[in-house]
Amino acid sequence: LGIVLNDCVTLVTAESITLPIIMEMERRMGSAEMLVSPIIKSIYETLTQFDGGGLKFEGVNRLLEYPEYYDIGRLKELIAMFENGDDVMKLFSDTNSDDDSVKVYIGSENSVKIMDNSTLIYKAVKRNGKVVGAIGIIGPCRMDYSKVITMIDSLSGSVNELINNNSLPEGQSNQGNLNENNSE
């Protein structure tokens, strides 16, 4: 994922990411092509919106594919948590700007009660050494951890490289992103 992202969009401005570039990324991603659209959308929003904060979620509807989210009441609570954002932001608030590791919170390890049957895997995105956002996956506890951790680590590294190579104007803050997709 990181190699494809680097090959296709490194040193390309957000405005220059065209449909042919996106289609080439999807072709090269093979079976993981469904990740390209939400990734490009998140990168584009990160590079073009500087309103000082917030969360972005993509693919929440995909949670309905998993039995853990069949309980409509619990799903409504989870979606309300996404929309409110405060509980999710609490999960990220402990991110140390010196820590470059991928964080994994499984089930009851999540401090947010409604996520007790979910896993959150994320890694901070930094600009000039300062945490400016995060990229992550929220999904069922039974996800393929190795695959998701590798993907998050690679993607966040690529995004860090993009935003630290003068792709963003100096003095602008970056909008935090949590990109939700389960990649089973």
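Note that this is a predicted model, so its numbers are computed, not measured.
In this structure, the side chains of Y145 and I121 come closer than 4.5 Å at one or more pairs of heavy atoms. In this structure, the side chains of M115 and M81 come closer than 4.5 Å at one or more pairs of heavy atoms. Within the 4.5 Å cutoff, no side-chain heavy atoms of K123 are placed close to those of I149. Proximity of Y66 to R142: side-chain heavy atoms (C-beta onward) are separated by under 4.5 Å at one or more points. E109 is not listed as a side-chain neighbour of L120, based on a closest heavy-atom distance of 4.5 Å or more. With a 4.5 Å cut-off on side-chain heavy atoms, M23 and V36 do not count as touching.
Note that the CD1 atom of I135 and the CG atom of D153 stand 11.0 Å from one another [nearest 0.5 Å]. Of the inter-residue distances, the one linking I106 atom CD1 with T119 atom OG1 reads 5.0 Å to the nearest 0.5 angstrom. Remark: E26 CD to I21 CD1 distance equals 12.5 Å, nearest 0.5 Å.
What you find for A124 and N160 is that their closest heavy atoms are O-ND2, 3.9 Å. The nearest pair of heavy atoms linking E68 to P140 is OE2-CB, 3.3 Å.
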Worked check of side chain to side chain donor-acceptor pair (under 3.5 Å) between S118 and Y69: CA-CA 9 Å; S118 301; Y69 305 104; 2.7 Å; yes
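Judged by distance alone, the side chain of S154 and the main-chain N or O of T150 form no donor-acceptor pair under 3.5 Å.
Under the rule for a salt bridge (Lys or Arg N to Asp or Glu O under 4.0 Å), D71 has no partner lying at least two apart in sequence or in another chain. With sequence neighbours excluded, the residues that form a salt bridge (Lys or Arg N to Asp or Glu O under 4.0 Å) with E24 are R27.
In this structure, I138 is not a member of the same hydrophobic cluster as Y70, with clusters built from ILVMFWY side-chain heavy atoms closer than 4.5 Å.
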